[in-house]
Colleague: 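Could you have a look at this structure, given as structure tokens, before my questions?
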Amino acid sequence: MYTQLAETRHGHLGPNLEFPEPPCRPARIDGQARDLLWRVSDLGVHYGRKTVLSSVSIGLPKGKVTAIIGPSGCGKSTFLCCLNRLSDSMEGCCVEGRIMIGSQDIRSPSVDDIALRRRIGYIFQKPNPFPMSIRRNLELPLKAHGVRDAAEIGRRIESSLVAVGLWSEVKDRLNASALHLSGGQQQRLCIARALVLEPEALLMDEPCSALDPIATGVIEDLIHSLRQRLTIVMVTHNLNQAKRVGDEVALFWCRDGFGYLVETGPAQRVFEAPQDELTKLYISGRIC
Amino acid sequence: MIERSRFRFDGHLLLVWAAPLTITAIFVWIVGGVLLHGLDQLSWSYLVEAPRRAGRQGGIGPILVSTLLIVSVCLAVAIPLALGAALLLAEFVPRRSTGARIVRLSLDVLAGVPSIVFGLFGSAFFCSLLGLRFSILSGGLTLACMILPVLIRTIEQSLRGVPNAYRMGAAALGLTRTRAIVTVLLPVAAPGVLVGVLLGVGRAVAETAALIFTSGYVDRMPSSVLDSGRALSVHIFDLSLNVPGGDAAAYRASIVLLLLLMLINGGMLCIHSLLKRVMGISAQI
Ligand SMILES: Nc1ncnc2c1ncn2[C@@H]1O[C@H](COP(=O)(O)OP(=O)(O)O)[C@@H](O)[C@H]1O
Ligand SMILES: [Mg+2]
């Protein structure tokens, strides 16, 4: 399956992979120098009385892979949750600041969070396919978003499974339980489940941390193959992984229990010429 | 060494085995006794005929029908109510809120109330106050009150047992709360819900005390749920207590009740394991 995905990267599986522009895209994404999908300013997050993130300001470029690195507990997952308002579903989570997509603050009550999450998928650290058949896992989000046509559903299921390189492995057992898949396959199914909705961005929270090195490689290749049509924001623990897949890197840190953004920029620049002392120490592995 | 320890007398082991063996022995004793006394005249006609001479002769046809109706009324009322209440407790009310605690505590107390008390309540409330008199409807509603606490608590537990990762996963896919509950959480919790219903049905089918004062004694074929009807357990109670020479008939009816309970249990367990297999959860009860 590894070789097959390597093929994907060279475009052999091209024709099935069409992700048309979603109809509800906001007017225009007015980035300045670069085309930004999110522009986050002064983001602060609290759980009850506990402050987890404070004054995070960052722009996340469109069509790129942004790798978020940093030690455990500095609020990387929390930050990711805010980007598609999944933070609404966490108990006691309170978000302040501005998170702009285009010219709209996604925190404003007029934004439809359901539509927002259709446009921006989320992959969890631990693969969480629903304990149902593979087909049902992929059908469920489609039906929830009003796709009723059986042929359309079938087409989308196939193309998303092809995109994650799972089609040849599961096409004969779409009705088998998703829990019978291996960990890496489950994670790819979760990615496929997000892809059936044809999103424009994918948030991935340490998608490989529960997987073995081979499955990790497969997922990394998958991220490479998705980067042209999707904006990806990926949290990772692994500096080498950030180097391998990240176009942009953002380092988060934790001081006195507050998480904050230390440095962000193009991956090459950050890794070769870090500007912050903390970044220098962290990427040279002297603190972690 | 290994050989010797295999033959060593182990006092602890004996203690450990004593409990299950005792339970099995009691079960065999009860079932054996019932079978011994009542198996001789069990036949198809017994299941469909009407009772004669106060049940000493004839069959239990109308009684089976009444039992079925009472249990149906009970489940038709109890399952939707229990699902609603359990969903409220498990998904919508904060777990440690005062309201939820009070509700949970009252449910646990109610679950321990003797069934005769429910019988008296049903008789006062449904039969007299609501004017339903002795009827299958009164009996079914009383049974519903009786099994609701257990049903709500087991369904709540099984909903709580659904990993949070599924809730977050559903939210991340842009499913609304309601949709997530209907299409993800309830199907995942279904095996547990089924066990709850199974416990409830078991209690309902075997119930006597709550029915004597509510659905009554009449052993005619009921024409509607507003008719009085005699449940199987009430029939057994009546035969063994009020009918001289009714012992053999009581044993015969008991066999049917036992078979009925086993059938319900077996059926539910089949559905349970089927559900688990379909969803790929490793089998466990
Ligand atoms: N639901 C929650 N309630 C309270 N505190 C939380 C919750 N989730 C995370 N936290 C706290 O927020 C901090 C950041 O967590 P997280 O975003 O998961 O960090 P990371 O992903 O960088 O490891 C941690 O200190 C954690 O204890
Ligand atoms: Mg995390």
Side-chain angles (χ1 to χ4, degrees), chain A residues 77 80-81 83-92 112-134 136-146 173 175-181 186 189-190 192-197 199 202-205 210, chain B residues 87-101 156-195 271-285:
Chain A
S77 305
L80 215 57
C81 277
L83 296 180
N84 72 346
R85 272 179 59 183
L86 201 56
S87 47
D88 291 3
S89 308
M90 323 252 288
E91 220 172 294
D112 178 4
D113 57 339
I114 301 298
L116 182 70
R117 290 182 199 148
R118 196 197 65 67
R119 289 171 53 199
I120 303 167
Y122 194 103
I123 310 298
F124 294 83
Q125 186 166 358
K126 197 163 158 276
N128 62 346
F130 300 130
M132 307 162 183
S133 71
I134 295 169
R136 182 101 184 102
N137 262 282
L138 298 166
E139 226 172 45
L140 217 108
L142 283 176
K143 288 193 169 156
H145 289 278
R173 48 184 180 128
N175 292 322
S177 170
L179 298 193
H180 293 324
L181 298 173
Q186 288 190 9
L189 179 64
C190 291
R193 192 173 63 179
L195 289 182
V196 282
L197 295 175
L202 220 48
L203 308 171
M204 304 173 114
D205 187 3
Chain B
L87 276 172
L88 201 70
L89 280 176
E91 297 295 324
F92 292 99
V93 183
R95 183 168 195 175
R96 273 181 273 278
S97 71
T98 330
R101 279 186 196 195
E156 190 205 344
Q157 298 293 347
S158 52
L159 281 169
R160 281 200 188 287
V162 177
N164 212 27
Y166 295 150
R167 286 185 192 89
M168 293 302 284
L173 289 169
L175 268 62
T176 57
R177 196 78 189 276
T178 322
R179 208 176 176 93
I181 287 172
V182 173
T183 58
V184 180
L185 301 188
L186 280 178
V188 173
V193 172
L194 210 71
V195 171
I271 304 175
H272 185 262
S273 67
L274 194 78
L275 272 179
K276 290 227 154 183
R277 203 169 50 240
V278 167
M279 296 196 298
I281 306 169
S282 61
Q284 47 167 273
I285 295 177

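In what follows, every chain begins at residue 1, and chains take the letters A, B, ... in the order their sequences are listed.
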Colleague: Can you tell me how far CD of A:Glu139 sits from OG1 of B:Thr183, rounded to the nearest 0.5 angstrom?
Modeller: 11.0 Å
Colleague: How far apart are the closest heavy atoms of B:Gly169 and A:Asn128, and which atoms are they?
Modeller: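 That closest heavy-atom pairing would be CA-ND2, 3.5 Å.
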Colleague: Could you report the tightest heavy-atom contact between A:Met132 and B:Val188, atom names first, then the distance?
Modeller: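 Minimum heavy-atom contact is CE-CG2, 4.5 Å.
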Colleague: Can you tell which of B:Arg177, B:Arg179, B:Arg167 has the highest number of heavy-atom pairs within less than 4.5 Å of chain A?
Modeller: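 The residue among B:Arg177, B:Arg179, B:Arg167 with the greatest pair count is B:Arg179.
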Colleague: Heavy-atom distance under 4.5 Å to chain A: side chain of B:Ala180, backbone, both or neither?
Modeller: neither
Colleague: Taking the side chain as C-beta and beyond, is there a heavy-atom pair between B:Leu173 and A:Leu140 under 4.5 Å?
Modeller: no
Colleague: Would you mind checking which part of A:Lys143 comes under 4.5 Å of any heavy atom in chain B, side chain (CB onward), backbone (N, CA, C, O), both or neither?
Modeller: both
Colleague: What heavy-atom pair brings B:Tyr166 and A:Pro129 nearest, and what distance separates the two atoms?
Modeller: CE2-O, 3.3 Å
Colleague: Most heavy-atom pairs under 4.5 angstrom with chain B, which of A:Ile120, A:Leu86, A:Asp88?
Modeller: A:Leu86
Colleague: Which atoms of A:Arg85 are under 4.5 Å from chain B, going by heavy atoms: the side chain, the backbone, both sets, or neither?
Modeller: neither
Colleague: Hey, could you give me the OG1/NE2 distance between B:Thr176 and A:His145, rounded to the nearest 0.5 Å?
Modeller: 9.0 Å
Colleague: Measure across A:Tyr122 and B:Ala172 and return the closest heavy-atom pair with its distance rounded to 0.1 Å.
Modeller: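 For A:Tyr122 versus B:Ala172, the nearest heavy atoms are CB-CB, 3.8 Å.
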